[in-house]
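Quantities reported herein were computed from a predicted structural model and do not represent experimental measurements.
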Amino acid sequence: MVAALAVVLAACGSPSPGGTRASATPKATTSLIRNDNRLAEELLQAVRAQKFGDVVDTTPPSGVPRGKIHQPPNLDLAVIELSSTGQALAAADVLFSPKYPAGVAVPMDQNLTAGTVRWRYFDEQQWDAHAGQGTKDVLAGRQNAPIDFMTPYPASVQKLMVGFAVLRLVDQGRLTLDDTYRYTAPTFRDRCGGPETKTVRRFFDEMITISSNESTCALIQLLVDRKALDRDFAALGMPTLHEVPGLTGSNMSSLDTAKLLMIVNGGPGTYWTAPDGKPVGKAVLSDSSRAFFLSELGNQGLNQVLSTTNWCGREYPAPGIPQRTPSRWINPSTGKMDNVGGRDFGRDVRPCNETAEVTFAHKTGLVARAGGDAGIVHSLPGKPGRHYIVVVLSNLGSRFVDADRPADPPGTQPVEYTEKYGRLGRAIDQLVTSHRNP
């Protein structure tokens with residue numbers, strides 16, 4: 001009853017106990033955290049300030065004229081603040097949708113479990129028709145939950161799940177990254193490409209750093225072959241993470257995605273307790289697998305959502321998280337990111353690297369009906385300290401653009417996301433920094 005009342009208050013714009021914060025001196029043996037609503041309220045305000053409802057719908061549903069989006073978008077934002085050693089200090093998850101236009105903070109327990117949400121699979125037709133909630137439940141038994149939310153399709157953010165599952169096989173001794181795998185492309189869609197033979201390491205690298213769909217399909221087929229697809233997430237306390245064969249139909253909530261990244265990041269102690277009562281911590285992945293995963297995420301070539309450094313110095317899009325752009329993709333002669341999986345961003349990123357304040361190990365996602373970014377932020381030496389995980393998933397994909405979006409220079413990678421994502425990334429980075437550097 002108390003949780004339901006809190007949801008109603010939050011939906012009306014009042015504070016809600018939707019976040020958790022650790023005590024000032026967390027125990028060395030645990031990272032379990034307790035209730036605090038400050039971070040949740042700040043995230044609600046940060047999203048509201050971006051006015052995502054002002055974007056233009058380029059392909060509106062039948063009967064709706066082209067112009068401003070006809071209803072508030074679905075957006076799911078989670079942040080976990082970390083200590084310098086990787087312990088959780090605070091966590092919050094906020095949801096926006098036509099049903100919750102002012103946003104709602106999700107109550108969660110010390111295991112970062114959001115038991116008060118009825119999660120539904122995203123259905124673009126349902127959203128277009130103003131329904132907003134979808135018709136297919138992600139989890140059974142949530143029909144009476146006080147919050148009803150249709151999770152945005154994760155697009156290529158789902159590749160985090162594929163990578164995690166592959167590395168679990170490696171840790172179990174059932175696979176090595178240097179094994180050669182022949183992808184036969186038996187049933188997947190055209191964008192999955194044709195047969196290829198590469199090492200698992202190369203498929204993995206292309207999947208994460210340049211978001212290759214072909215390499216992702218190869219690794220999904222590998223997981224299907226080994227009967228290792230979508231097996232561990234619910235058992236580990238991340239039940240909304242569902243990976244299915246192919247590149248459509250998967251589901252992720254931002255909160256469970258942030259929990260997955262907490263494992264990848266590593267850190268001492270117990271992060272939460274799994275449904276079977278076992279503690280969950282960094283040992284879910286081996287040190288070598290976590291280091292490899294972090295390295296791949298740190299070499300992300302598509303820094304164009306919560307961070308926008310690939311377009312360093314352009315007036316549009318707005319600056320986001322002030323990350324250091326990985327040198328792997330920088331042309332040493334021009335400083336440009338001019339060959340990121342065939343993409344040319346056309347800007348010298350070295351000036352932004354000189355003023356960078358953080359690293360951002362992350363994975364982006366984009367289709368017409370979805371846009372997202374999920375990653376781990378750590379401050380660079382000598383810069384204001386902050387360490388956090390941030391995940392945003394929304395149905396604002398390439399279908400939705402800014403009303404004042406300028407034309408892209410000829411021959412360069414276009415700006416396909418609203419710059420409001422970048423502004424949100426900068427706002428989140430600033431508020432987390434203020435917590436650590438008052």
Candidate pair R328 and D205, rule salt bridge (Lys or Arg N to Asp or Glu O under 4.0 Å), full reasoning: CA-CA 12 Å; R328 171 177 173 176; D205 178 74; 2.7 Å; yes
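- Put simply, the side chain of N437 gets close to the backbone of G385: a donor and an acceptor are under 3.5 Å apart.
- For the pair R369 and Y153, the cation-pi test (distance below 6.0 Å, angle within 45°) is passed.
- Counted by atom type alone, W127 and N74 present one or more donor-acceptor pairs between their side chains at under 3.5 Å.
- A 4.5 Å side-chain heavy-atom check between T209 and E296 finds at least one atom pair inside the cut-off.
- Side chains of Y316 and D404: a donor-acceptor N/O pair is absent below 3.5 angstrom, by distance only.
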Step-by-step side-chain contact (heavy atoms from CB on, under 4.5 Å) determination, I69 to D54: CA-CA 7 Å; I69 188 172; D54 288 345; over 6 Å; no
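- For R399 and D57, the salt-bridge test passes: some basic side-chain N is under 4.0 Å from an acidic carboxylate O.
- For R290, the CZ atom sits in a packed shell: over 12 heavy atoms of surrounding residues, nucleotides or ligands are nearer than 6.0 Å.
- Looking at V358 and R324, their side chains never come closer than 4.5 Å, going by heavy atoms from C-beta outward.
- A salt bridge is absent between E416 and R405; no separation between the charged side-chain nitrogens and carboxylate oxygens falls under 4.0 Å.
- The shortest side-chain heavy-atom distance between F96 and V47 falls under the 4.5 Å cut-off.
- Distance check, rounded to the nearest 0.5 Å: CD of E41 to CD of Q45 gives 4.5 Å.
- Judged purely by distance below 3.5 Å, without hydrogens or angles, the side chains of S286 and S289 pair a donor atom with an acceptor atom.
- Within a 6.0 Å radius of NZ in K420, more than 12 heavy atoms belonging to other residues, nucleotides or ligands are found.
- Of the possible donor and acceptor atoms, one in the side chain of D109 sits under 3.5 Å from a partner among the backbone N and O of N111.
- Formation of a donor-acceptor pair under 3.5 Å by the Q300 side chain with backbone atoms of H362 is found in this model.
- L285 places a side-chain heavy atom less than 4.5 Å from the side chain of D171.
- Contact check for N331 versus N339: no side-chain heavy atoms found under the 4.5 Å cut-off.
- Side chain to side chain, S211 and K159 meet the donor-acceptor criterion of an N or O pair below 3.5 Å.
- For the pair K136 (side chain) and R120 (backbone), a donor-acceptor distance under 3.5 Å is absent.
- Look at R423 and E419 and you find a salt bridge, because one of the NZ, NE, NH1 or NH2 atoms lies within 4.0 Å of a carboxylate O, short of that distance.
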R226/L169 under side-chain contact (heavy atoms from CB on, under 4.5 Å): CA gap, chis, key distance, verdict: CA-CA 9 Å; R226 305 295 176 94; L169 284 180; 4.1 Å; yes
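- With a 4.5 Å cut-off on side-chain heavy atoms, M252 and Q158 count as touching.
- Although no hydrogens or angles enter the test, the distance criterion places no donor-acceptor pair under 3.5 Å between the side chain of W119 and the main chain of N251.
- Looking at Q323 and S307, their side chains do bring a donor and an acceptor atom within 3.5 Å of each other.
- Counted by atom type alone, R386 and S379 present zero donor-acceptor pairs between their side chains at under 3.5 Å.
- Between the side chains of N265 and H387, not a single donor N or O lies within less than 3.5 Å of an accepting N or O.
- Judged by a 6.0 Å distance limit and a 45° cone about the ring axis, R202 is not positioned over the six-membered ring of Y181.
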Candidate pair V280 and T273, rule side-chain contact (heavy atoms from CB on, under 4.5 Å), full reasoning: CA-CA 6 Å; V280 176; T273 301; over 6 Å; no
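- Salt bridge status for R314 with D408: present, with a side-chain N to carboxylate O gap under 4.0 Å.
- The shortest heavy-atom contact between I263 and Y271 is CA-CE1, 3.9 Å.
- Inspection of the T309 and T325 side chains reveals an N or O donor paired with an N or O acceptor under 3.5 Å.
- Less than 6.0 angstrom separates the ring centroid of F233 from the ring centroid of F164.
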Check against salt bridge (Lys or Arg N to Asp or Glu O under 4.0 Å), D137 and R142: CA-CA 8 Å; D137 286 298; R142 297 285 185 93; over 6 Å; no
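- When atom types are taken as modelled, the side chain of D429 and the backbone of G425 share no donor-acceptor pair closer than 3.5 angstrom.
- With no hydrogens or angles considered, a side-chain donor-acceptor pair links D256 and T240 at under 3.5 Å.
- Among all heavy-atom pairs drawn from A46 and L431, the shortest one is CB-CD2, 4.4 Å.
- Nearest heavy-atom pair across S398 and A368 is OG-CA, 3.2 Å.
- With hydrogens and angles ignored, the 3.5 Å screen pairs no side-chain donor or acceptor of R182 with any backbone N or O of E196.
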Trace of the salt bridge (Lys or Arg N to Asp or Glu O under 4.0 Å) decision for D344 with K336: CA-CA 8 Å; D344 181 358; K336 296 178 180 180; over 6 Å; no
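- Taking the ring centroids of F293 and F204, they lie under the 6.0 Å cut-off.
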Derivation of the side-chain contact (heavy atoms from CB on, under 4.5 Å) call for D348 and T334: CA-CA 6 Å; D348 186 345; T334 65; over 6 Å; no
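- Between the side chains of H378 and Y388, no donor-acceptor pair is found at a separation under 3.5 Å.
- One finds the CG atom of L223 at 11.0 Å from the CE atom of M161 (value rounded to the nearest 0.5 Å).
- Inter-residue side-chain proximity for S156 and T364 is flagged as unmet; no heavy-atom pair is nearer than 4.5 Å.
- At a threshold of 4.5 Å between non-hydrogen side-chain atoms, the residues Q304 and Y421 do not count as touching.
- One distance of note links CG of L77 with OG of S394; it measures 10.5 Å at 0.5 Å rounding.
- Using modelled atom types, no side-chain atom of W311 and backbone atom of P414 make a donor-acceptor pair closer than 3.5 Å.
- For N213 and T216, the side-chain atoms include no donor-acceptor pair closer than 3.5 Å.
- In this structure a side-chain-to-backbone donor-acceptor pair under 3.5 Å is missing from R118 to M150.
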Worked verdict on S212 versus E206 for side chain to side chain donor-acceptor pair (under 3.5 Å): CA-CA 5 Å; S212 166; E206 292 172 351; 4.6 Å; no
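- Listed for the D123 side chain is a donor-acceptor partner under 3.5 Å among the backbone atoms of Q126.
- Between T418 and D402, the side chains place a donor N or O and an acceptor N or O closer than 3.5 Å (distance only, hydrogens not considered).
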